[in-house]
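Structure first, commentary second.
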Amino acid sequence: AMSGPVLSRLASPRRIVQAGVATLLLAILWLLTAIRPTIDDTSFALAMAVMGVGMGLMASQLGNVVQSSVGDEERGEVGGLQYTAQNLGGSLGTALIGSILVGALAASLTSQIESDPRISATTNQQVGIRLEAGISFLPTSGVDAALARAEVPEAEAAALVDQYAEAQLKGLKAGLLAAAAIALVSLAFTRHLPGERLGTPRSRRGRSQKPSSNVVRSG
């Protein structure tokens, strides 16, 4: 984001934002391959860093574009609207991606438990009842502790923890795919951004040189 003023001299806001969205999309796809049961490797860290670069490229331009589109008297109101839109978008995006993640987690876990021969029909039914009441995105250690409190047999508890861990990965990937789809769709809206560098106003381009009216002509 700090490189925004320098980038503005080299390219238009539209191109910079498009590069940011493309970088963000690349990072999301990278994360899909980097997510594993233990996400503490270099690939995951680099993918998150690339995602930050993409978000920084967008943030470095959008505020300037919005503020430069109005006069000095309206900038306070426009800044408030921009801040409100950013918070509303963040809240709706978090809710949407979170709903997809939890929904995919529940659907995947239900399907996997039903097809696992290590889990009895009685335990399967009890888990189904709990899932209908709601599911939270918990660490596997929390699931293991909850199964121990419910006095689930050790072998079945181990199978349930394994299935939950796999369902977690599928839920995360579903959420990331949804985020990638949103980023891809958002590229279509970048065409409305200015296609010319903000540092070169139109009034300076294509202006014809008019002769001065105070030219003194010799007799």
Side-chain angles (χ1 to χ4, degrees), residues 1-35 39 42-104 137 171-210:
M2 295 175 63
S3 66
V6 177
L7 294 174
S8 297
R9 302 191 194 107
L10 304 175
S12 66
R14 182 191 303 169
R15 295 304 181 195
I16 297 174
V17 172
Q18 287 175 343
V21 176
T23 303
L24 183 63
L25 181 60
L26 175 64
I28 293 173
L29 297 177
W30 189 352
L31 281 174
L32 284 171
T33 64
I35 288 181
I39 46 178
T42 304
S43 180
F44 179 80
L46 291 175
M48 293 297 292
V50 172
M51 179 178 289
V53 170
M55 296 178 69
L57 287 173
M58 291 186 289
S60 69
Q61 301 300 312
L62 296 179
N64 191 21
V65 169
V66 172
Q67 291 295 327
S68 63
S69 64
V70 296
D72 293 339
E73 297 180 355
E74 300 172 322
R75 286 184 179 176
E77 297 178 4
V78 169
L81 289 173
Q82 180 185 3
Y83 182 77
T84 301
Q86 287 177 342
N87 282 275
L88 179 61
S91 300
L92 292 176
T94 301
L96 175 62
I97 300 300
S99 298
I100 294 174
L101 188 151
V102 174
F137 205 84
L172 283 171
K173 291 181 178 181
L176 286 172
L177 284 174
I182 294 174
L184 187 61
V185 171
S186 67
L187 278 173
F189 294 93
T190 59
R191 68 181 187 274
H192 300 295
L193 295 173
E196 300 164 344
R197 297 196 301 272
L198 296 180
T200 55
R202 292 182 179 178
S203 58
R204 295 181 181 178
R205 292 191 303 272
R207 180 187 295 176
S208 59
Q209 297 293 334
K210 297 181 179 179

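When reading the values below, keep in mind they use all heavy atoms of this one structure, side chains included, and skip hydrogens, waters and symmetry mates.
Summarising the geometry, atom CG belonging to Leu29 is positioned 8.0 Å from atom CG belonging to Leu177; distances are rounded to the nearest 0.5 Å. Taken from NZ in Lys173 to CG in Leu32, the straight-line distance is 7.0 Å, to the nearest 0.5 Å. For the atom pair Leu176 CG and Ile28 CD1, the distance stands at 7.0 Å (nearest 0.5 Å). Within the model, atoms CD of Gln82 and CG of Leu62 stand 7.5 Å from one another, a figure rounded to the nearest 0.5 Å. One distance of note links CD of Gln18 with CG of Leu193; it measures 7.5 Å at 0.5 Å rounding.
Heavy-atom contacts from other residues, nucleotides or ligands closer than 6.0 Å to CZ of Arg15 number 12 or fewer.
When every heavy atom of Val21 is checked against every heavy atom of Ser186, the shortest pair comes out as CG1-OG, 3.6 Å. Closest of all the heavy-atom pairs between Ser43 and Trp30 is OG-NE1, 2.9 Å. Taking all atoms of both residues into account, the shortest heavy-atom contact from Pro194 to Pro13 is O-CD, 3.7 Å. Residues Ala27 and Ala47 come closest through the heavy atom pair CB-O, 3.6 Å. Pairing each heavy atom of Met51 with each of Leu31, the nearest pair is CE-CD1, 3.3 Å.
Residue Leu96 is tested with Ile100, Leu92, Thr94 for a side-chain contact (heavy atoms from CB on, under 4.5 Å); the sole match is Ile100.
Under the 4.5 Å side-chain criterion, counting only non-hydrogen atoms from C-beta, Thr84 is not in contact with Leu81. Residues Ile182 and Ile97 form a side-chain contact, since some pair of their non-hydrogen atoms from C-beta on lies under 4.5 Å apart. Side-chain contact between Met58 and Leu24: present, with at least one pair of heavy atoms (C-beta onward) separated by less than 4.5 Å. Between His192 and Arg14 there is no side-chain heavy-atom pair separated by less than 4.5 Å. Residues Leu7 and Leu57 are in side-chain contact: their nearest non-hydrogen atoms beyond the backbone lie under 4.5 Å apart. At a threshold of 4.5 Å between non-hydrogen side-chain atoms, the residues Val65 and Val17 do not count as touching.
Side chains of Ser12 and Glu196: no donor on one and acceptor on the other come within 3.5 Å.
Scanning for side chain to side chain donor-acceptor pair (under 3.5 Å) contacts around Thr23 gives an empty result, with sequence neighbours left out.
Of the possible donor and acceptor atoms, none in the side chain of Asn64 sits under 3.5 Å from a partner among the backbone N and O of Ser60.
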